[in-house]
Every structure is written in structure tokens, then in C-alpha cells.
Amino acid sequence: MAKMMYRDAIRGTIFQEMQRDPRVVVLGEDVVGGMGTAGGPEAIGGIWSTSTGFYEAFGPDRVIDTPISESAIMGAAGGLALAGKRPVAEIMFADFIGVCMDQLWNQIAKFRYMFGGKSVCPAVIRMPCGAGYNAAAQHSQMISQFVTSMPGLKVVMPATPADACGLLRQAIRDDDPVVFLEHKFLYAMTGDVPDDPDFVIPFGHARLARAGEDVTVVASGMMVGYAETAADDLAQDDIGCDVLDLRTTSPLDEEAILDSVEATGRLVIVDEAPPRCSLATDIAALVANKAFASLKAPIEMVTAPHTPVPFARELEGAYLPSPAKVAAAVRKTLAYR
Amino acid sequence: MQLNREALTRAYRQMKLIREFEERLHEEIQTGEIAGFTHLYCGQEAVAVGVCEHLSERDKIVSTHRGHGHCLAKGCDVTGMMKEIWGSQEGLCNGKGGSMHIADIDKGMLGANGIVGAGAPIAVGAALSNKIDGPDADGKLAVSIAFSGDGACNQGTTFEAMNLAVVTKAPAIFVFENNHYSEHTGDAYAVGTAQDIASRAEAFGMKVWRADGTDFFSVFDTFGEVLEFVRTPGNGPAAVEFDTERFFGHFEGDPQRYRGEGELDRLRATRDCLRKFREKVTGAKLLTDEDLDAVDADALQAIEDAVKASRAAARPQPENVLENVYISY
Ligand SMILES: Cc1ncc(C[n+]2csc(CCOP(=O)(O)OP(=O)(O)O)c2C)c(N)n1
Ligand SMILES: [Mg+2]
């Protein structure tokens with residue numbers, strides 16, 4: 001085990017995989033940083049510091065600094081993958097998915113199905129996402145709801161440094177295209193990460209972050225920490241929460257969710273996205289459909305409102321879920337009779 | 001230099017106002033009072049002002065993430081902008097947008113933009129509207145202008161917008177501000193046409209101009225020609241590339257390790273549009289140093305007042321989050 005930041009777990013895992021497998025290549029805007037300047041390559045290695053040192057170690061063929069051209073980045077990741085490479089593409093902010101949606105949705109996600117199972121497209125698309133920096137409507141969004149709804153994509157939302165490592169390694173080694181949603185606000189989070197260079201976390205298995213008997217709380221990404229904080233507060237009042245970290249939203253660990261709800265009878269879902277057609281509504285539908293008889297109270301959803309992400313501190317604070325909002329939802333479901 | 005004293009003073013004041021606005025933000029951001037990402041326009045003032053001094057309110061502009069200069073030059077209220085950057089309910093966008101999304105539709109300012117390359121197609125749409133509205137009594141069209149950087153010129157959206165404008169003969173003007181950097185990457189690497197953006201527009205079938213973006217008179221005179229061409233019905237779009245410089249980092253907090261040794265000092269000494277303006281107009285005895293010093297003091301005071309007002313301005317309330325998603329719902 002080594003203590004490290006979430007961002008360093010990501011950097012280290014890609015680096016190790018590039019050493020292990022010459023097919024792994026990295027591409028994105030400023031992933032080298034400093035190209036064509038007096039400071040030279042690596043003057044600033046990636047704006048998230050998740051690719052520092054790659055260029056020096058692996059050179060320009062495998063560490064491809066791109067102009068500002070998200071469609072070309074996404075499409076090239078698809079092409080590299082179809083041609084036998086294992087690209088790890090960075091879309092600097094997940095919001096820029098808007099620029100390159102076709103290449104992801106109509107191309108990468110669908111190749112294998114359209115081609116009758118005859119193609120392999122092992123592309124990893126890293127997308128730093130989420131709010132918390134007052135970066136306003138076009139640099140703060142949670143996009144899990146879009147990509148989770150797309151057949152053909154796997155979607156990962158790591159909540160800890162260890163998970164960032166194990167899930168990213170799985171993503172790079174996986175033969176299907178994977179959207180890897182790194183929460184920007186978690187980059188500086190520190191935690192223990194296993195040293196094993198083959199440490200992988202399989203997709204489709206939720207993690208039980210807190211165990212408790214009274215209420216099931218389902219979360220992913222940055223929302224996991226909020227749910228844990230709420231659970232710890234509630235524990236002082238002898239309220240026990242089963243906090244499930246989904247880890248991947250596609251595939252979804254239905255069994256873990258249903259098992260927990262069958263035991264507790266109460267469900268709170270925490271989701272950073274707006275409330276319509278989202279992960280929250282998806283899981284609520286699953287539970288209403290498959291665990292209806294176990295429910296002792298209406299399902300509670302703690303989500304962002306049906307608005308874009310606002311700029312001002314007060315407004316973004318009101319927009320985002322919070323541990324207090326999660327705790328209030330847990331108490332509400334417990335008060336129901 | 002066909003400008004009279006009054007016009008010269010006005011242009012200088014606009015440039016100085018932008019400079020002081022940005023220099024002050026550079027300081028204020030260190031205190032932590034201002035949230036979010038802020039991209040400063042210092043160094044490029046002559047472009048925004050040299051372009052916008054020609055425009056009226058019926059002409060439209062679409063800006064970028066580095067939008068403060070374009071906004072001020074197009075007539076956005078300085079205090080309303082400052083309050084917006086402070087995240088106040090009294091800001092131009094009620095604290096919803098912040099630095100990257102300042103807009104004032106009534107002034108013909110259709111928004112700064114957080115998405116690089118998003119502006120050009122919007123400007124073409126506005127230009128198509130100008131075309132539908134037709135020429136004024138003098139036979140001239142209103143125009144719509146897309147400001148884009150050397151980074152944005154690599155987006156497909158920019159290419160598509162240029163071609164659409166050409167084939168529809170939209171009175172659009174593509175203003176490329178080549179400050180030689182897109183974030184931390186040089187145009188020597190990222191712009192494949194030998195760091196020459198105008199040639200791309202030319203290849204799309206447009207008439208193009210090139211000028212020194214650090215010299216107000218070069219910008220102003222060149223843009224006058226561009227405008228004369230595009231305002232004439234039937235001519236369609238045009239493009240102009242201004243060679244310019246940014247004096248601060250890409251965003252506030254950028255360590256700028258991509259810069260060469262002494263680069264910023266050299267740029268400030270040789271490529272400062274305000275310094276050049278002063279030298280020219282005092283050398284030609286059009287204005288005196290005292291005239292310009294008075295403008296400096298006046299601009300500084302305007303910024304001081306705007307900051308004071310922003311500090312005291314009303315903060316948004318949590319329930320404001322839900323407002324303005326729709327007109328009716
Ligand atoms: C679609 C998109 N991709 C990437 C970014 C991140 N980004 C913001 S500004 C910028 C550089 C823009 O360079 P340029 O167009 O030259 O404008 P300048 O910053 O020099 O004013 C980048 C890459 C973005 N905001 N939007
Ligand atoms: Mg630039």
C-alpha cells in the first residue's frame with residue numbers, strides 16, 4: 001500500500017500500463033503541455049497533472065498532444081482502438097462531450113454491435129467532471145446520465161484513490177470502450193492504493209462503503225463521500241446506513257442494490273446530475289420494479305435541481321447535494337409511516 | 001489617423017479601462033474573494049477596442065472565455081460586469097454566469113463563452129439575421145463578429161462556420177486574435193498552416209486581412225476596410241488575423257512555465273498597445289501626456305468604484321438557482 005492522491009493514482013496507473021503494454025497510448029489537449037513554446041514539451045504536463053512525465057518516457061508517438069479539437073480526439077481514439085491500440089483519451093472537461101458527441105455515441109459506442117460483433121474498440125475516454133469549483137454552466141457538469149444511457153459504453157465513477165487505480169487499470173485492459181468519469185474535486189483526495197501492478201477492480205460490483213440496517217444510500221463519484229459523511233453523522237443518533245458506492249454505472253450492480261433494499265426497506269439515492277432521466281431515476285425505477293414489496297417508505301432522491309450549474313458560490317452550494325441534504329433525506333424516509 | 005481628439009481620447013479610455021479592469025482582477029483574485037476561472041485580456045486591448053469602436057448597437061459580437069475586453073469594448077456596463085465576476089445578484093447575469101458567460105444582448109454582446117470554438121457558428125447565425133433584416137437607409141448591412149483565438153481556429157465548429165458564412169454570403173466577420181498560445185501550447189505546434197490563421201479563412205473562400213494587434217491604429221484602420229467590405233450587400237463574410245500578445249497566464253494561477261526567459265518583460269516593453277498609443281499620439285501632438293494621464297486617472301477611478309460597488313452588492317439567495325431556466329414552464 002502507498003498513500004497517494006487520486007490524481008497520482010490515475011497518473012501512476014496509466015504510466016504502469018504504458019510500460020506494460022506498448023499498445024497503450026495517451027492523447028488529449030495539453031497532455032504534454034508546452035509543445036511549440038520556449039518552455040518546450042512538458043513545461044506544464046497536463047492541466048490536471050495526470051500525465052506528467054509521460055512524454056519524456058514514451059515519446060510523441062504514444063503521448064499525443066492535440067490541438068483544441070475534441071471531435072478529432074474522440075474519433076482518433078476510436079480509430080486507434082479499431083486499429084489495435086489501447087488509447088486513453090482525455091477530454092479536458094466532461095462538458096466538452098457536447099463537441100464530440102457523435103464520435104462517442106454514434107461511432108465508438110456502436111462499432112461492435114453494428115459490425116455484428118466483429119470489431120474490438122478498447123478506448124478509454126477520461127472525462128474530468130463535476131461541480132464544486134464555481135466554474136459555471138459549461139465547466140461543472142455531471143454527465144453520467146448521458147453516457148450511462150448509451151448501449152455499448154461502460155461507465156466508471158471512481159470515488160477513492162484505490163478505486164481510481166483499480167478501475168482505471170481494468171478500463172485500460174478491458175476490450176470494450178469505457179468512459180472514465182474522474183471527479184475534479186476528488187483529485188486532491190488521498191488514500192491507500194495497493195502496490196500490486198496487476199491490481200484491478202472488476203466492473204459491475206458495488207462497494208459497501210458503510211454498513212447499516214436502517215436505510216440504503218446509493219451514490220457514486222463525489223457523492224459517495226457526501227453519503228459517508230451523512231452516514232457517520234446519523235450513526236451518532238443510532239441510525240445505520242448501508243452506503244453503496246456503485247463504482248460503475250454501466251454495468252450496474254443491481255443485485256447489491258436490491259439485496260440492500262430488501263434488508264433495509266428504505267432507499268435514498270444521491271446523484272450530482274439534474275433529476276430527470278438520470279441515474280437516480282434509473283435506480284428508483286429498478287427498485288420500484290424489483291423490490292417493491294420490501295419498500296417501507298417512498299424512495300428519496302437527493303439530486304441537483306433541473307437547472308444548469310450556476311456560478312456564484314451561494315448558488316452552486318444550493319445547487320449541489322450535500323451531506324446535510326443526504327442526512328435530511330434519510331431522516332425523512334425513516335419518519336415515513 | 002483620421003480620428004479627432006474626442007475619438008482618440010475615447011479609444012484610449014476604452015483600452016485603459018480594460019487594462020485596469022484586468023490588472024485589478026489579477027490582484028483581487030489573489031485574495032480569494034472571486035470564485036471560478038478567470039482569463040484576463042491584458043495585452044490584447046487594441047483588438048477589442050480597434051474593432052468595436054467601429055460598431056453600433058445593431059452590430060453583434062460573440063466572444064470567448066477571454067471575454068472581458070470584448071464586453072467592455074462593446075459597451076457592457078463596467079460595474080455590472082465587475083459585480084457579475086464577484087458573483088453578485090446585481091451582476092449583469094445575476095451571478096449565474098460569472099467571468100466566462102458575461103453577456104448583454106441589448107448591447108449586441110451575445111456572450112462570452114466557455115466552449116472554445118462555440119462562438120463562430122453563433123456569430124454566423126446572427127449574421128444571417130442581419131442579412132434577412134437587409135441594409136439600412138445608407139445601403140449598409142449590420143454585421144456580426146466572431147472573436148476566436150489561435151486555439152479556437154482548430155475546432156471543426158470554426159471551419160464549419162466559415163464555410164457556412166461563405167456559401168450563404170452572411171455578413172459575418174471572423175476576427176482571429178493570434179496571441180500565440182492556446183493554454184500552454186504554442187501556435188508553432190498547434191496551428192498547422194505555419195502559424196498563419198488567415199490563410200485558412202482564405203482557403204474557405206473569404207477575403208482576408210492581417211494586422212498588428214498591438215497597435216490600435218493598425219487594428220482600427222484595417223478593420224475599417226474589413227467592415228466597409230462586409231457591410232456592402234452581396235459581398236459576404238471576411239476574416240482578419242491580428243497578431244497580439246497576452247500579458248498574463250492562460251487563467252489566473254497559471255505558472256506559465258512555457259514562456260521564454262524574460263518573455264513577459266520583453267512583451268510589456270515592446271508590444272504594449274497602450275504604450276504604443278501614447279507614443280504615437282503624443283509624438284504626433286494629437287494629445288498630450290497630461291490629457292492621457294487624466295484619462296488614466298479617470299479609468300482607475302471607474303474600476304475603483306466598480307470594485308467597491310461589487311463588494312457591497314447583494315448576494316444571490318439559494319432560491320435564485322431555480323430562476324431563468326425557462327421563460328414559462
Ligand atoms: C471545447 C473546449 N475545449 C477546451 C477548452 C479548454 N480551454 C479553454 S481556453 C483554451 C485555449 C484557447 O486558446 P485560444 O483559442 O488561442 O484562446 P486564448 O486563450 O489564447 O484567448 C482551452 C484549451 C474549452 N474551454 N472548450
Ligand atoms: Mg490563443
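When reading the values below, keep in mind they use all heavy atoms of this one structure, side chains included, and skip hydrogens, waters and symmetry mates. Note on naming: letters A, B, ... go to the chains in the order of the sequence lines (proteins, then strands), and numbering restarts at 1 for each one. Here the structure is a predicted model, which is why all the values come from computation and not from measurement.
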Problem set entry | B:Q89 and A:E314: CA distance, side-chain angles, deciding distance, side-chain contact (heavy atoms from CB on, under 4.5 Å) verdict | CA-CA 10 Å; B:Q89 178 67 16; A:E314 295 88 338; over 6 Å; no

For this session: Flag the pair A:E29 / B:E183 as yes when at least one side-chain heavy-atom distance between them is below 4.5 Å, and no otherwise.
Result: no

Exercise. Nearest 0.5 Å, what's the CG-OG1 distance between B:N320 and A:T307?
Worked result: 11.5 Å

For this session: Please look at A:V99 and chain B and tell me whether the side chain, the backbone, both or neither of the residue comes under 4.5 angstrom of a heavy atom of that chain.
Result: side chain

Problem set entry | Heavy-atom pair of closest approach, residues B:G114 and A:H139 | O-CE1, 2.9 Å

Exercise. Among side-chain atoms of B:N154 and A:S69, is any donor-acceptor pair under 3.5 angstrom?
Worked result: no

Problem set entry | Rounded distance (nearest 0.5 Å) linking atom CZ of A:F311 with atom CD1 of B:I102 | 9.0 Å

Exercise. Is it the backbone or the side chain of B:Y329 that comes under 4.5 Å from a heavy atom of chain A, or both, or neither?
Worked result: side chain

Seminar exercise, completed: Bottom line for B:Q317: the part with an atom under 4.5 Å from chain A's heavy atoms is backbone

Problem set entry | CD (A:E56) with more than 12 external heavy atoms under 6.0 Å | no

Problem set entry | Greater than 12 external heavy atoms within 6.0 Å of A:W105's CH2 | no

Problem set entry | Residue pair B:V321 / A:P305, side-chain heavy-atom distance below 4.5 Å | yes

For this session: Check A:T66, A:T37, A:D30 against B:T185 for a side-chain hydrogen bond (donor to acceptor under 3.5 Å, both in side chains) and give me the one that passes.
Result: A:D30

For this session: Please look at B:N324 and chain A and tell me whether the side chain, the backbone, both or neither of the residue comes under 4.5 angstrom of a heavy atom of that chain.
Result: neither

Seminar exercise, completed: Scored by heavy-atom pairs under 4.5 Å with chain A, the best of B:G95, B:G192, B:A188, B:A152 is B:G95

Exercise. Once you round to the nearest 0.5 Å, how far does OG1 of B:T158 lie from CD1 of A:I68?
Worked result: 9.5 Å

Exercise. What's the verdict on side-chain contact (heavy atoms from CB on, under 4.5 Å) for A:M35 and B:H184, showing C-alpha distance, side-chain angles and the deciding distance?
Worked result: CA-CA 8 Å; A:M35 297 295 276; B:H184 314 144; over 6 Å; no

For this session: Report the distance from atom CG of B:L322 to atom OH of A:Y319, rounding to the nearest 0.5 Å.
Result: 11.5 Å

For this session: Go through A:A43, A:P308, A:A38 and name the one with the most non-hydrogen pairs under 4.5 angstrom from chain B.
Result: A:A43

Problem set entry | Heavy-atom neighbours of B:E261 CD exceed 12 at 6.0 Å | no

Exercise. Could you state the interatomic distance from CZ (A:R313) to CH2 (B:W86), rounded to the nearest 0.5 Å?
Worked result: 11.0 Å

Seminar exercise, completed: Looking only at heavy atoms, the pair that brings A:A312 and B:P316 closest together is CB-CG, 3.7 Å

Problem set entry | Within-4.5 Å side-chain heavy-atom neighbours: B:Y258 and A:E42 | no

Exercise. Does B:R257 reach the main-chain N or O of A:I44 with its side chain, forming a donor-acceptor pair under 3.5 Å?
Worked result: no

Problem set entry | Smallest separation among heavy atoms of A:P67 and B:A190, with atom names | CG-O, 3.8 Å

Exercise. Side chain, backbone, both or neither: which part of B:Q256 has an atom under 4.5 Å from a heavy atom of chain A?
Worked result: backbone

Seminar exercise, completed: Greatest number of non-hydrogen atom pairs under 4.5 angstrom with chain A, of B:G260, B:G156, B:G98, falls to B:G98

